[in-house]
Amino acid sequence: MNILAELKERFRRALAESAGDPTDLLELVRRAQDAKFGDYQANMAMPLGKRSGRPPRNVAVEMVRRLDLDDLCREPEIAGPGFINLRLKDEWLAGQLSAAVNDPRLGVAETAAPRTFVIDYSAPNVAKPMHVGHIRSTVIGDAICRVLRFLGHRVVSDNHIGDWGTQFGMILFGYKHFLDAAAYKSNPVEELARLYRKVRAMMDERPELNDAVLAETAKLHAGDAENRRLWEEFLPHCEDEIERVYRRLDVKFDHTLGESFYEDRLAALVERLRRQDIATESDGALCIFIEGQKTPMIVRKSDGAFLYGTTDLATLEYRMAQWRPDAILYVVDHRQSLHFKQLFAAAKMLGYDDVELQHVSFGAVLGGDGRPFKTRSGDTVGLEGLLDEAVRRALEIVSANDDAKPDGPELDPQQRRQIAETVGIAALKYADLAQNRTSDYVFSYDKMLAMTGNTATYMQYAYARARSIFARGNVDVEPLRNSGAAIRLDSPAERALGLELLRFSEALDLTAADYRPNQLTSYLFELANRYSTFFEQCHVLRAETDELRRSRLLLCDLTARTIRKGLELLGISVAEKM
RNA sequence: GCGCCCGUAGCUCAACGGAUAGAGCAGCGGACUUCUAAUCCGCAGGUUGCAGGUUCGAGUCCUGCCGGGCGUGCCA
């Protein structure tokens with residue numbers, strides 16, 4: 001059940017008699033900002049009054065008279081200039097919760113209008129080790145995939161890795177001049193990473209090396225046998241390296257079609273662009289000039305080489321032909337907004353105007369000096385080191401907490417390590433997911449690895465506490481769910497929790513609408529918060545009556561399942577004990 | 001120069017044109033003989049960068065200014 005959708009439907013019927021499309025007005029039905037105004041509110045009386053020249057309060061009164069809400073709401077109240085405040089009936093809430101108890105989807109319906117999405121995210125340069133800057137795209141993109149899929153959309157995730165650019169020129173150059181053969185043999189990934197860093201550092205000191213590195217890249221692109229052979233040898237190692245990180249982050253892709261996959265399509269594409277007069281020559285380069293934009297998108301350099309815009313255009317064509325998507329999302333940091341503007345404009349010129357092309361942008365990660373975080377700067381925080389640090393911190397807290405349990409520790413060292421891995425990685429992911437800002441943020445261990453307050457840990461803890469009640473009380477949850485036991489919402493804490501549980505569907509819709517996982521983190525935080533209050537105030541196992549005990553157990557069960565599902569959709573897992 | 005993004009509590013951030021701008025962290029004060037205190041309850045903290053404008057209503061939209069970030073024809 002999506003309460004908001006149901007309320008909108010009721011208002012739609014009430015508005016049916018008035019002329020015009022009520023869609024905009026229905027957007028003014030929303031959750032109450034403050035609980036003292038009720039559960040939901042409708043704010044359309046003011047614009048309607050304006051439109052018709054009548055006092056908004058009169059409009060509101062008439063609206064209420066036309067509304068048919070008796071089954072779900074108490075008598076609506078009109079307040080202020082014409083706000084219509086709605087308070088849901090406890091019996092109706094309880095009935096909806098009972099329905100959710102027996103629904104594997106927890107009351108969330110699949111969309112009536114499924115779409116096909118291609119989602120482009122993560123996309124690291126595989127020739128160099130992943131660093132902290134890669135987290136955001138990977139984690140946000142993965143969460144968007146999971147949410148859209150759960151809502152019933154078709155999702156194709158595609159990791160457009162950088163496997164064909166200058167970075168390979170750098171390791172080719174490094175391999176030819178500075179290879180430690182023994183190290184390469186025993187751990188190729190590490191040795192390639194070392195070579196990358198070494199060449200990177202040397203280029204900073206001696207710019208004249210740029211030409212030599214570019215020459216290696218050019219030879220690769222031109223089909224030089226040795227460079228091609230080496231590239232084919234390096235690539236699997238590079239992919240192993242990123243795959244290890246993805247496994248640890250629990251991130252999977254349907255496809256990994258990197259730049260090199262499109263290499264042999266570029267010449268034909270560019271030729272077609274030229275034939276269709278979409279691209280024209282300027283200063284020796286082949287350019288697409290876009291209306292209203294000063295700088296063109298260059299698709300072929302004056303030396304004949306193609307650029308990443310060319311590859312992206314070829315990639316877009318391939319995706320359109322292969323998957324016929326309704327939307328392609330690019331989860332990439334905001335610094336590339338001009339590039340995407342150009343790419344999307346060029347796609348339109350090629351006739352792709354039936355597809356939603358979205359740059360789902362986010363701010364860059366800055367170093368401690370406030371400068372953009374770059375691999376080349378000496379103090380790079382490698383992604384794996386960051387994961388290790390998160391897990392290390394989590395282990396300290398897990399151990400301290402377990403040691404402090406009233407009946408003594410209940411976790412063995414192996415369990416503690418597993419929980420620390422779950423909690424630590426979750427903290428890291430959550431730091432990115434909880435943020436809406438497109439502005440940059442300064443890298444900070446403390447911020448990324450925080451485990452108190454609005455963090456994944458808080459929700460995982462709420463989950464573990466809810467689950468432990470069933471273990472402690474020896475309650476078998478399946479029969480309880482099937483028992484048809486009633487849910488009671490007599491106390492404020494129970495009612496607040498129950499209402500929040502029924503908002504899951506709304507939160508997912510909000511998340512999908514603007515591709516913003518922070519809508520889901522906010523919801524889960526609020527839910528865990530309501531549960532924590534409930535947990536303090538309402539004793540479950542020692543409830544006054546058996547009926548109340550069963551009702552509260554069902555609330556615990558629903559809370560646990562909703563938190564687990566919500567976190568799962570963010571790519572975060574839970575632990576049964578913490 | 002031009003373009004895009006951002007200025008909200010000490011810090012990090014929420015807020016779909018709607019009511020008295022909300023959280024977390026940090027600070028202060030309470031709550032573990034009671035289902036896990038990674039928690040809960042309370043207090044304090046704001047001229048939403050500045051100045052105009054549009055609107056019944058502006059943190060949100062428009063204009064100008066100040067401050068910051070990013071991008072800007074042959075890197076990705």
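Each chain gets a letter, A, B and so on, in the order its sequence line appears, and its residues count up from 1. What you see is a predicted model; the values in this text were computed from it and never measured. Values below: all heavy atoms of this structure, side chains included; hydrogens, waters and symmetry mates excluded.
Within residues 307-316 of chain A, the residues that have a heavy atom under 4.0 Å from RNA chain B are, in order of number, A/L307, A/Y308.
Annotation: B/rG42 and B/rC4 have their P atoms spaced 45 Å apart (nearest Å). B/rA58 and B/rG17 are spaced 7 Å apart, taking the C1' atom of each and rounding to whole Å. One C1' atom belongs to B/rG59, the other to B/rC50, and the distance between them is 14 Å to the nearest Å. Rounded to whole Å, the separation between the C1' atoms of B/rG46 and B/rC65 comes to 23 Å. Rounded to whole Å, the C1' atom of B/rC13 lies 13 Å from the corresponding atom of B/rG7. Nucleotides B/rC28 and B/rG22 have their P atoms positioned 25 Å apart, rounded to a whole Å. For the P atoms, the distance from B/rG10 to B/rG49 is 13 Å, rounded to whole Å. Look at the C1' atom in both B/rG24 and B/rC66: the space between them is 30 Å, to the nearest Å.
Atom pair A/I298:CD1 and B/rA76:C1' shows a separation of 14 Å (rounding to whole Å applied). Counting to the nearest Å, the P atom of B/rU39 and the CG atom of A/N529 are 10 Å from each other. Note: CZ (A/R136) to C1' (B/rC13) measures 12 Å, nearest angstrom. The nearest whole Å value for the distance from the NE2 atom in A/H539 to the P atom in B/rA31 is 19 Å. Distance A/R465 CZ to B/rC35 P: 11 Å, rounded to the nearest Å. Distance CZ (A/F306) to P (B/rC75): 14 Å, rounded to an integer number of Å. Regarding A/K405, its NZ atom lies at a distance of 13 Å from the C1' atom of B/rC35, rounded to whole Å. A/M170 has its CE atom 12 Å from the C1' atom of B/rC75, to the nearest Å.
Between A/I84 and A/E77 there is no side-chain heavy-atom pair separated by less than 4.5 Å.
Contacts of A/R30 with the nucleic acid, taken as non-hydrogen atoms under 4.0 Å apart, include base atoms. Base engagement by A/P47 is indicated by at least one non-hydrogen atom pair under 4.0 Å involving a base atom. Base contact: A/I397 has a heavy atom under 4.0 Å from a base atom. Within the nucleic acid shown, A/R300 has no heavy atom closer than 4.0 Å to any nucleic acid atom. Within 4.0 Å (heavy atoms only), A/S282 reaches at least one base atom of the nucleic acid. Base contact: A/T457 has a heavy atom under 4.0 Å from a base atom. Using a 4.0 Å heavy-atom cutoff across all strands shown, A/F525 reaches sugar-phosphate atoms only and no base atom. Using a 4.0 Å heavy-atom distance criterion, A/A79 is classed as a base contact.
For A/K341, there are no salt bridge (Lys or Arg N to Asp or Glu O under 4.0 Å) partners at least two apart in sequence or on another chain. For A/H334, there are no ring pair (Phe, Tyr, Trp, His ring centres under 6.0 Å) partners two or more places apart in sequence or in a different chain. For A/K219, there are no side-chain hydrogen bond (donor to acceptor under 3.5 Å, both in side chains) partners, not counting sequence neighbours.
There is no side-chain donor-acceptor pair under 3.5 Å between A/R503 and A/Y523. A donor-acceptor contact under 3.5 angstrom links the side chains of A/S505 and A/N2, judged on distance only. Side-chain contact check for A/E494 and A/S491: at least one donor-acceptor pair (N or O, by modelled atom type) lies under 3.5 Å.
With A/M170 as the fixed residue, the side-chain contact (heavy atoms from CB on, under 4.5 Å) test singles out one of A/L214, A/L209, A/V199: A/V199. Among A/D407, A/D403, A/D402, the single residue meeting the side-chain hydrogen bond (donor to acceptor under 3.5 Å, both in side chains) criterion with A/K405 is A/D402. Residue A/M459 is tested with A/N454, A/L570, A/I572, A/N529 for a side-chain contact (heavy atoms from CB on, under 4.5 Å); the sole match is A/N454.
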Quiz item: Which dot-bracket string fits RNA chain B when only Watson-Crick or G-U wobble pairs with both atom distances under 3.5 Å count, crossing pairs get [ ], and | stands for a partner on a different strand?
Solution: (((((((..((((....[...)))).(((((.......))))).....(((((..]....))))))))))))....
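Projected onto RNA chain B by closest heavy-atom contact, A/M46 and A/V423 fall at different nucleotides, the more 5' of which corresponds to A/M46. The nearest heavy atom of RNA chain B to A/K577 and to A/N125 marks one nucleotide each, and the one closer to the 5' end goes with A/K577.
In this structure, A/Y458 does not reach the B/rU36 phosphate: none of its side-chain N or O atoms is under 4.0 Å from OP1 or OP2. In this structure, A/K294 does not reach the B/rG1 phosphate: none of its side-chain N or O atoms is under 4.0 Å from OP1 or OP2. In terms of phosphate contacts, A/N436 brings no side-chain nitrogen or oxygen within less than 4.0 Å of OP1 or OP2 of B/rC13. One finds a side-chain N or O of A/R516 lying less than 4.0 angstrom from the OP1 or OP2 phosphate oxygen of B/rA15. Side-chain nitrogen and oxygen atoms of A/R335 include none within less than 4.0 Å of the OP1 or OP2 phosphate oxygen of B/rG69. Between A/N85 and B/rA19 there is no side-chain N or O to OP1 or OP2 distance below 4.0 Å. Phosphate proximity of B/rC41 to A/T533: present, with a side-chain N or O under 4.0 Å from OP1 or OP2.
Side-chain atoms of A/K341 and base atoms of B/rU72 include no donor and acceptor less than 3.5 Å apart. For A/T295 against B/rG3, a side-chain-to-base donor-acceptor contact under 3.5 Å is absent. You won't find any donor-acceptor pair under 3.5 Å spanning the side chain of A/N454 and the base of B/rA23, going by distance alone. Between the side chain of A/Q41 and the base of B/rA19, a donor-acceptor pair under 3.5 Å is found.
Because its glycosidic torsion is within 90° of 0, B/rC32 is reported here as syn.
The pair A/D412-A/R416 does not meet the salt-bridge criterion, since no charged nitrogen lies less than 4.0 angstrom from a carboxylate oxygen.
Between A/H221 and A/W164, the two ring planes are parallel [angle under 30°; tilted spans 30° to 60°].
Minimum heavy-atom separation, A/M578 to A/L411: C-CD1, 4.1 Å. Here the closest non-hydrogen pair linking A/I290 and A/A345 is CG2-CB, 3.7 Å.
Residue ring and base: A/F83 counts as stacked with B/rA19 (centre distance below 5.5 Å, interplanar angle below 30°).
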Between the protein and nucleotides 8-11 of chain B, are there any N/O to N/O pairs under 3.5 Å, and if so, what are the atom names and distances?
from	atom 1	to	atom 2	distance (Å)
B/rU8	O4	A/R437	NH2	2.8

Quiz prompt | Trace of the side chain to side chain contact (heavy atoms under 4.5 Å, CB included) decision for A/Y430 with A/M448 | solution = CA-CA 8 Å; A/Y430 193 88; A/M448 272 187 203; over 6 Å; no
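Both the sub-6.0 Å distance and the 45° axial angle are not jointly satisfied by A/R30 relative to the ring of A/Y40.
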